[in-house]
Amino acid sequence: YPSDLEVPHADFGGIVCCMTRSFRIQIGLHALRKLTTAGGFRTANSALMKTRLKHEIMSGRSVLVVTEQGLVQRAVSLVAIRLVNSRGALFAKLGNIGDAGCEPNCQL
């Protein structure tokens, strides 16, 4: 415990995100084929959506996995950071002020 059969508090998508890029791509393309053959793209923009999703997989921005239930799930890695100074003030950018007024643009 943990063993190679079960990793506590981890799901397949999380484990795949930790694999090498070539494995993530192969697993993602397999799931994309499953999604395509199962009729997962049924909108007017289906070809564009499929192309964008494939590009995300190939570039490493996201990975598709097939869940235990046979559903296709998109997994992405995400990092969140909180920057504060010694007084506890949060460092963040909420927007821009220009000639047109305030424009939202939330960023660290």
Side-chain angles (χ1 to χ4, degrees):
Y1 172 83
S3 73
D4 59 345
L5 300 177
E6 181 179 345
V7 179
H9 311 294
D11 63 358
F12 184 60
I15 293 171
V16 171
C17 286
C18 296
M19 293 180 177
T20 64
R21 183 179 179 141
S22 61
F23 281 121
R24 290 191 314 262
I25 289 172
Q26 290 302 316
I27 291 169
L29 293 177
H30 170 74
L32 184 61
R33 282 191 298 275
K34 179 176 176 51
L35 185 62
T36 302
T37 58
F41 294 101
R42 296 182 186 166
T43 67
N45 295 331
S46 294
L48 178 61
M49 289 170 50
K50 182 179 174 185
T51 300
R52 285 183 178 172
L53 197 49
K54 185 175 182 179
H55 177 68
E56 281 190 15
I57 293 167
M58 298 302 292
S59 67
R61 287 184 47 210
S62 69
V63 67
L64 292 183
V65 295
V66 180
T67 66
E68 291 180 33
Q69 296 80 19
L71 303 172
V72 176
Q73 184 178 50
R74 180 173 171 254
V76 296
S77 294
L78 177 69
V79 175
I81 187 169
R82 180 180 168 91
L83 297 175
V84 294
N85 66 11
S86 59
R87 296 177 307 209
L90 180 65
F91 178 72
K93 177 181 177 181
L94 300 178
N96 299 320
I97 298 177
D99 295 336
C102 296
E103 187 177 315
N105 185 8
C106 299
Q107 298 179 10
L108 278 179

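In this text, all values refer to a predicted model and were calculated from it rather than measured experimentally.
- Of the residues listed (V63, I57, L64), the one engaging R74 in a side chain to side chain contact (heavy atoms under 4.5 Å, CB included) is L64, and it is the only one.
- In this structure the side chain of L29 reaches within 4.5 angstrom of the side chain of M58, judged on heavy atoms.
- The distance from the CG atom of D11 to the CD atom of Q73 is 6.5 Å, given to the nearest 0.5 Å.
- Residue C17 comes nearest to A75 through the heavy atom pair SG-CB, 3.9 Å, listed as atom of the first residue, atom of the second, then distance.
- In this structure, CZ on R24 lies 10.5 Å from OG on S62, to the nearest 0.5 angstrom.
- Judged by distance alone, the side chain of R61 and the main-chain N or O of L53 form no donor-acceptor pair under 3.5 Å.
- With a 4.5 Å cut-off on side-chain heavy atoms, I27 and M19 count as touching.
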